[in-house]
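Encoded as structure tokens, the structure appears first; notes follow it.
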Amino acid sequence: MTTSSSERGVSLGMPQLPAPAYPDDVRARLETDAREIIARYPDSRSALLPLLHLVQSEEGHVTRTGMQFCADVLELTTAEVTAVATFYTMYRRRPSGDYQVGVCTNTLCAVMGGDAIFEALQDHLGVGNGETTDDGKVTLEHIECNAACDYAPVVMVNWEFFDNQTVQSAKRLVDDLRIGRTVSPTRGAPLCTFKETARILAGFPRRARGRRRSGRQRGTGVAGGSSPGKGRDRTRARGPSARRRTARRAAGPHRARPVADRAPQFA
């Protein structure tokens with residue numbers, strides 16, 4: 001008795017149905033944003049990377065619908081768009097959480113505790129690498145070096161830095177994210193959801209509404225209620241070296257660990 005190819009689970013290579021279209025209101029909104037993005041480039045196809053971030057901000061990952069939209073507005077083939085979307089790891093190809101929690105497991109972070117943090121978070125969250133918690137809040141993944149070795153081990157949430165982490169602090173971090181408690185990165189911009197991050201990367205910065213306006217947060221190096229504008233002027237007047245020192249102070253204090261604590265001990 002012979003079995004059919006479908007019974008044997010063999011694909012006949014039949015093409016997929018066309019990607020479903022965005023609803024009319026969504027497409028109109030995205031087309032308005034897309035025109036603004038495309039206008040920034042002398043060659044329209046150069047806008048593909050930010051356009052992929054734009055469609056990712058809509059659904060939380062790059063869908064076939066999103067790739068078809070990019071192909072339509074840039075007059076490219078879906079194959080050309082797919083080749084780019086599948087090459088870069090910053091574009092998600094399947095649904096994921098509101099917060100992408102990445103643990104650096106490259107050599108230095110791993111030695112300093114990154115491997116232990118990653119294993120502990122897998123057990124704590126009940127997910128594996130690239131998987132999302134049942135509540136849709138956290139997607140856990142190991143990430144490559146993010147050039148922050150001075151602060152190892154590093155955890156990133158939606159590309160914002162959480163430096164000098166431990167197993168305990170990393171567990172607290174993901175628990176806070178899941179219950180909606182506000183958490184602040186060690187340095188950089190205020191934390192936002194993955195969709196919001198994707199829109200920023202598409203070239204649409206967040207509005208300043210609701211953000212604290214201390215000079216230190218605004219990168220001026222001026223604390224509390226001092227005038228942000230005056231702080232920036234004084235920093236600029238002191239020259240590049242002063243601006244670098246100001247930026248380091250704005251990033252917050254960092255206490256170096258003793259050498260004996262930072263290096264592995266061998267018998």
Side-chain angles (χ1 to χ4, degrees), residues 11-102 125 127-144 146 156-160 177-178 180 188-207:
S11 172
L12 297 178
M14 299 297 290
Q16 289 183 304
L17 294 173
Y22 284 124
D24 291 343
D25 60 329
V26 173
R27 185 176 179 93
R29 173 166 47 80
L30 291 177
E31 284 178 344
T32 299
D33 290 340
R35 284 193 294 269
E36 181 176 337
I37 293 172
I38 294 169
R40 299 169 186 163
Y41 297 89
D43 184 343
S44 63
R45 69 183 298 140
S46 298
L48 178 55
L49 294 179
L51 281 176
L52 285 169
H53 283 300
L54 177 66
V55 297
Q56 183 160 253
S57 74
E58 185 65 31
E59 299 177 88
H61 65 294
V62 178
T63 63
R64 292 174 57 232
T65 299
M67 288 190 284
Q68 183 65 62
F69 172 82
C70 292
D72 290 344
V73 297
L74 294 176
E75 297 183 351
L76 299 174
T77 66
T78 53
E80 289 173 309
V81 175
T82 302
V84 174
T86 56
F87 179 80
Y88 293 104
T89 58
M90 58 191 174
Y91 300 121
R92 310 293 174 186
R93 297 301 313 284
R94 58 183 180 180
S96 55
D98 293 334
Y99 298 98
Q100 305 282 328
V101 175
L125 296 172
V127 297
N129 181 45
E131 296 179 351
T132 303
T133 54
D134 292 338
D135 57 10
K137 293 293 185 180
V138 171
T139 297
L140 180 66
E141 62 182 354
H142 72 80
I143 54 176
E144 296 300 317
N146 280 275
M156 299 195 80
V157 181
N158 294 347
W159 312 120
E160 299 296 344
L177 292 172
R178 296 185 73 182
L191 189 66
C192 54
T193 67
F194 185 70
K195 287 184 179 180
E196 292 170 334
T197 301
R199 184 164 176 81
I200 292 170
L201 293 173
F204 298 97
R206 292 181 79 187
R207 298 183 184 276

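Source: prediction; values computed, not measured. The chain is numbered in sequence order, starting from 1.
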Interatomic distance, [X] atom [atom1] to [Y] atom [atom2] [nearest 0.5 angstrom]:
X    : Y    : atom1 : atom2 : answer
L140 : Y99  : CG    : OH    : 16.0 Å
L177 : L191 : CG    : CG    : 6.5 Å
T139 : F194 : OG1   : CZ    : 8.5 Å
L52  : T82  : CG    : OG1   : 9.0 Å
L51  : L76  : CG    : CG    : 9.5 Å
I37  : S46  : CD1   : OG    : 13.0 Å

Test log, rule side-chain hydrogen bond (donor to acceptor under 3.5 Å, both in side chains), inputs T32 and E36: CA-CA 7 Å; T32 299; E36 181 176 337; over 6 Å; no
T63 vs V55, side chain to side chain contact (heavy atoms under 4.5 Å, CB included): CA-CA, chis, key distance, verdict: CA-CA 8 Å; T63 63; V55 297; over 6 Å; no
Nearest non-hydrogen partners of [X] and [Y], listed with the distance:
X    : Y   : result
M67  : R93 : CE-NH2, 3.5 Å
T132 : S96 : OG1-CA, 3.7 Å
A85  : V62 : CB-CG1, 4.3 Å
L74  : S44 : CD2-O, 3.2 Å

[X] atom [atom1]: more than 12 heavy-atom contacts under 6.0 Å:
X    : atom1 : answer
D24  : CG    : no
R178 : CZ    : yes
D135 : CG    : yes

Parallel, tilted or perpendicular, as decided by the 30° and 60° cut-offs, for the rings of Y91 and H53: tilted
Test side chain to side chain contact (heavy atoms under 4.5 Å, CB included) applied to T197 and T193, step by step: CA-CA 6 Å; T197 301; T193 67; over 6 Å; no
Using a strict cut-off of less than 4.0 Å between a Lys/Arg side-chain nitrogen and an Asp/Glu carboxylate oxygen, indicate whether [X] and [Y] qualify as a salt bridge.
X    : Y   : value
R199 : D33 : yes
R29  : E58 : yes
E141 : R92 : yes

side-chain contact (heavy atoms from CB on, under 4.5 Å) partner of E80, chosen from T77, T78, V84: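 Answer to the side-chain contact (heavy atoms from CB on, under 4.5 Å) test with E80 among T77, T78, V84: T77.
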Test side-chain contact (heavy atoms from CB on, under 4.5 Å) applied to T65 and C70, P20, P18, the passing residue: P20
Worked check of side chain to side chain contact (heavy atoms under 4.5 Å, CB included) between M156 and N146: CA-CA 9 Å; M156 299 195 80; N146 280 275; 3.2 Å; yes
Charged tip of R40 within 45° of F204 ring normal and under 6.0 Å: yes
R27 to Y22, cation-pi by 6.0 Å centre distance and 45° axis angle: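 So R27 doesn't make the cation-pi contact.
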Working for side chain to side chain contact (heavy atoms under 4.5 Å, CB included), residues C192 and I200: CA-CA 10 Å; C192 54; I200 292 170; 4.0 Å; yes
